[in-house]
Amino acid sequence: MTDAMTKTRIDYRPAATDDAWWLAVDGDAVVLLSPAVSAATATGVWRGLGTGGIGAVLEALTSAFGTSLTAIPPFALAIAEAGGVRVAVRGDVEVVVEGQHPEAVSGAGVATWTERFVPGAVCVSVAPHAGAPAPAADLPLRSGVVRTDLVEIDLAVVSAASASPVPPAASAPA
């Protein structure tokens with residue numbers, strides 16, 4: 001769900017390596033999945049992502065990898081919500097949230113996953129390969145599954161429909 005004052009824009013950089021992560025996007029929900037995930041599983045996550053959030057991700061992954069928490073591969077999830085962004089991260093990947101309360105959320109050293117709501121978020125980025133070099137993410141994706149090296153979510157793009165009208169200029173006295 002997007003806040004009435006923002007329109008989420010999701011950009012990604014196509015993968016440059018063979019061990020690239022999957023990126024599944026549906027509206028304001030984004031998930032990066034480990035290269036260990038099959039194309040069929042990534043597609044299954046994508047199909048349930050927009051309405052199912054983290055539950056859809058976990059259901060698809062446990063169906064593919066079994067119910068053992070140690071078998072679930074790393075992932076990073078970000079869902080734009082009114083007033084901020086909800087993130088969940090498993091494994092050694094980091095989600096960087098910029099805004100009123102900047103925060104880097106990682107699943108490293110955690111047996112399951114880390115989940116947080118970060119209020120006032122304006123931008124979220126995930127580079128699953130630490131130190132991913134430029135160029136920045138520049139291809140938009142609204143819905144689908146691709147391989148990527150970097151994803152950026154801009155939560156602060158003001159939509160034309162919600163922009164305030166410009167007040168008329170004051171007229172000079174006659």
Side-chain angles (χ1 to χ4, degrees), residues 8-80 85-99 102-118 121-155:
T8 304
R9 179 178 168 96
I10 299 159
D11 292 326
Y12 77 100
R13 182 176 61 206
T17 63
D18 293 335
D19 63 341
W21 284 53
W22 292 102
L23 169 63
V25 174
D26 188 14
D28 295 332
V30 171
V31 66
L32 277 96
L33 302 164
S34 161
V37 172
S38 71
T41 300
T43 301
V45 167
W46 168 67
R47 287 192 175 133
L49 184 60
T51 57
I54 191 169
V57 172
L58 294 173
E59 186 173 321
L61 293 176
T62 56
S63 292
F65 291 89
T67 57
S68 169
L69 290 178
T70 60
I72 298 173
F75 66 84
L77 170 74
I79 302 174
V85 65
R86 181 162 312 280
V87 298
V89 187
R90 175 171 170 74
D92 195 15
V93 64
E94 186 174 73
V95 176
V96 177
V97 181
E98 298 173 26
E103 187 171 346
V105 182
S106 173
V110 178
T112 56
W113 58 85
T114 302
E115 184 175 350
R116 292 218 194 346
F117 177 78
V118 183
V122 296
C123 185
V124 178
S125 61
V126 185
H129 299 289
D138 62 356
L139 294 175
L141 183 62
R142 197 68 193 140
S143 183
V145 179
V146 295
R147 294 278 199 157
T148 190
D149 289 332
L150 173 68
V151 64
E152 294 175 348
I153 306 156
D154 187 353
L155 300 156

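From a predicted model like this one, the values you see are computed outputs, not experimental measurements. Heavy atoms only: backbone and side chains are in, while hydrogens, waters and symmetry mates are out.
- Among residue pairs with one or both ends in residues 29-43, those qualifying as side chain to side chain donor-acceptor pair (under 3.5 Å) are Ser38-Thr41; sequence neighbours excluded.
- Across all non-hydrogen atoms, the minimal contact from Pro73 to Leu61 is CG-CD2, 4.1 Å.
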Result block: side-chain N/O donor-acceptor pairs under 3.5 angstrom for residues 44-56, not counting sequence neighbours:
unit_1 : atom_1 : unit_2 : atom_2 : d
Trp46  : NE1    : Val25  : O      : 3.0
Trp46  : NE1    : Ser143 : OG     : 3.1

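- When all heavy atoms of Pro74 and Trp21 are compared, the pair lying nearest together is CB-CH2, 3.6 Å.
- Contact between Ala42 and Val37 at its shortest, heavy atoms only, is N-CG1, 3.7 Å.
- Between the side chain of Arg147 and the backbone N or O of Ala20 there is at least one donor-acceptor pair closer than 3.5 Å.
- The existence of a salt bridge linking Asp28 and Arg142 is confirmed by a sub-4.0 Å separation between a basic side-chain nitrogen and an acidic carboxylate oxygen.
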Full working for side chain to side chain contact (heavy atoms under 4.5 Å, CB included) between Val31 and Trp22: CA-CA 8 Å; Val31 66; Trp22 292 102; over 6 Å; no
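- Under the 4.5 Å side-chain criterion, counting only non-hydrogen atoms from C-beta, Asp154 is not in contact with Asp11.
- With respect to Leu23, the side-chain contact (heavy atoms from CB on, under 4.5 Å) criterion is satisfied by exactly one of Val145, Val30, Leu150: Val30.
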Residues Val151, Leu32; criterion side chain to side chain contact (heavy atoms under 4.5 Å, CB included); working and verdict: CA-CA 9 Å; Val151 64; Leu32 277 96; 3.3 Å; yes
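- Residue Asp92 qualifies as open at atom CG: its count of foreign heavy atoms under 6.0 Å is 12 or below.
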Residues 103-110 side chain polar contacts: donor-acceptor under 3.5 Å, at least two apart:
unit_1 : atom_1 : unit_2 : atom_2 : d
Glu103 : OE2    : Arg116 : NE     : 2.6
Ser106 : OG     : Val93  : O      : 3.3
Ser106 : OG     : Ala108 : N      : 3.0

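- Rounding to the nearest 0.5 Å places CG of Leu77 at 9.5 Å from CG of Leu33.
- Rounded to the nearest 0.5 Å, atoms CD1 (Ile10) and OG1 (Thr8) are 6.5 Å apart.
- Ala88 and Trp113 make their closest contact through CB-CD1, 4.5 Å (heavy atoms, listed as atom of the first residue, atom of the second, distance).
- For the atom pair Cys123 SG and Arg9 CZ, the distance stands at 12.0 Å (nearest 0.5 Å).
- When all heavy atoms are compared, the tightest approach of Ser68 to Thr70 is OG-OG1, 2.8 Å.
- How far CG of Leu58 is from CZ of Arg90: 9.5 Å, rounded to the nearest 0.5 Å.
- For the pair Val95 and Ala76, the tightest heavy-atom approach, listed with the atom from each and the gap, is CG2-CB, 3.8 Å.
- Panel note: side chain Thr148, backbone Arg13; a donor-acceptor pair is recorded below 3.5 Å.
- Leu155 is listed as a side-chain neighbour of Val85, based on a closest heavy-atom distance under 4.5 Å.
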